[in-house]
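Have a look at the structure below, then the notes.
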Amino acid sequence: MPFVRIDALRADSDRLDALGRAVHDALVETIGIPPDDRFQVLVSHDGISSTLRFDDYLGVHRDDGITYVAITMRSGRTPAQKHAETEPRNVFVTLTENESIDWSLGDGAAQYVVSPDVAGSPSAGLGN
Amino acid sequence: MPFVRIDALRADSDRLDALGRAVHDALVETIGIPPDDRFQVLVSHDGISSTLRFDDYLGVHRDDGITYVAITMRSGRTPAQKHAETEPRNVFVTLTENESIDWSLGDGAAQYVVSPDVAGSPSAGLGN
Amino acid sequence: MPFVRIDALRADSDRLDALGRAVHDALVETIGIPPDDRFQVLVSHDGISSTLRFDDYLGVHRDDGITYVAITMRSGRTPAQKHAETEPRNVFVTLTENESIDWSLGDGAAQYVVSPDVAGSPSAGLGN
């Protein structure tokens, strides 16, 4: 269910692949995302037609190894789960939350909503 | 008003164009978005410098025809509207909601806010 | 802290750079973002393998100079701050808000959360 965008600078396909695996493994280990629940967009920017900008804000030194990880997932994780410390210096993570009804994982269905009665508030989902 | 990102794998420009039209038509038909309210970023990933990752999570078989559709729009649609089943197997949709004040459609104005008195909560908008 | 994606059509690297600076300067001037708090993804679309779609919705004329600016930041800005009119005709802005706990700016830490006691609601942050 998490939908993840990963942006890196001048990464070859092996590095992109490694970044995608590392981010997914972290989600599986820290907040219990199922191993086969992986949906990612991985982009290497060439620094010319597309690029990344970053600073040493808050005293964290960053360099061209910077990796932006933008995660969209349903609300419900606890702050403690979110706080699990798994990322190295150069990884900048943002999380945006939405609700069960805000997902369709294919087949035109809203898989996290349990019944066709969708007139009320978002229903309990199918797990992760 | 919806702002839509569509990501596909090795799509030529005709396919990108068709995907953009199909997604917009679905929004027009199912939740009443105005026909000329179309704002999209369409990206084909070559599988090398940028790519998509996906699994058969929840028993939906996916292949290289996978299409990610990430929609940002103002809150206010009902679950029934969101639930309208319009998407085929390989289309993975996420929706993120924000408020009227969170949009500027150009000219430096927040078009969905009706008066210069913006000190209170988000105001009623101009329609969709 | 704001994480910003900027998408433009057929922009050379000088134009991308100028867009990134202009958007960041606007955030610094209008809502008090620190000058060194700049985290951006800048992408020029060639119009073939990736492209932008747009209309003249709500009577704003747009052309190939269209620029999409998608900002993710913590909630807390007032509508008046958000409403600050700084953007020209062709700039389409969306803002998505999340919470302090939803950020890691590197080093594997959630820098906006002030203590290791993260069991409660999002804590006060470190400034912007």
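Letters A, B, ... are given to chains in the order of the sequence lines, protein chains preceding strands, and every chain is numbered from 1.
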- Item | chain C contact via A:F54 - which portion, at a heavy-atom distance below 4.5 Å | both
- Task: Sort out for me which of C:A8, C:G20, C:S13, C:P35 touches chain A most, counting heavy-atom pairs under 4.5 Å.
- Result: C:S13
- What pair of heavy atoms forms the shortest contact from C:Y112 to A:L58, and how long is it? CE2-CD1, 4.4 Å
- Message: List the residues meeting side-chain hydrogen bond (donor to acceptor under 3.5 Å, both in side chains) with A:D102, not counting sequence neighbours, and say none if there are none.
- Response: B:K82
- Message: So if I take each residue of residues 43-51 of chain A and look for any heavy atom under 4.5 Å from a heavy atom in chain C, which residues do I end up with?
- Response: A:H45, A:I48, A:S49, A:S50, A:T51
- Query: Do A:D7 and C:R5 come close enough that some side-chain heavy atom pair is under 4.5 Å?
  - Reply: yes
- Query: With under 30° as parallel and over 60° as perpendicular, where do the rings of A:F92 and C:F3 fit, or are they tilted in between?
  - Reply: tilted
- Task: Write out all pairs satisfying salt bridge (charged side-chain N to carboxylate O under 4.0 Å, His left out) with one or both partners inside residues 11-22 of chain C, taking only residues at least two apart or from two chains.
- Result: A:R53-C:D17, C:D17-C:R21
- Task: Identify which part of C:L105 has an atom lying under 4.5 Å from any heavy atom of chain A, answering side chain, backbone, both or neither.
- Result: both
- Task: Could you pull out the closest heavy-atom pair between C:T96 and A:T96, with the gap in Å?
- Result: CG2-CG2, 3.5 Å
- Rounded to the nearest 0.5 Å, what's the gap from CD on C:Q40 to CG on A:D55? Could you check? 9.0 Å
- Query: Does any pair with a residue in residues 58-72 of chain A pass salt bridge (charged side-chain N to carboxylate O under 4.0 Å, His left out), and if so which ones, sequence neighbours excluded?
  - Reply: A:R10-A:D64, A:D63-A:R89
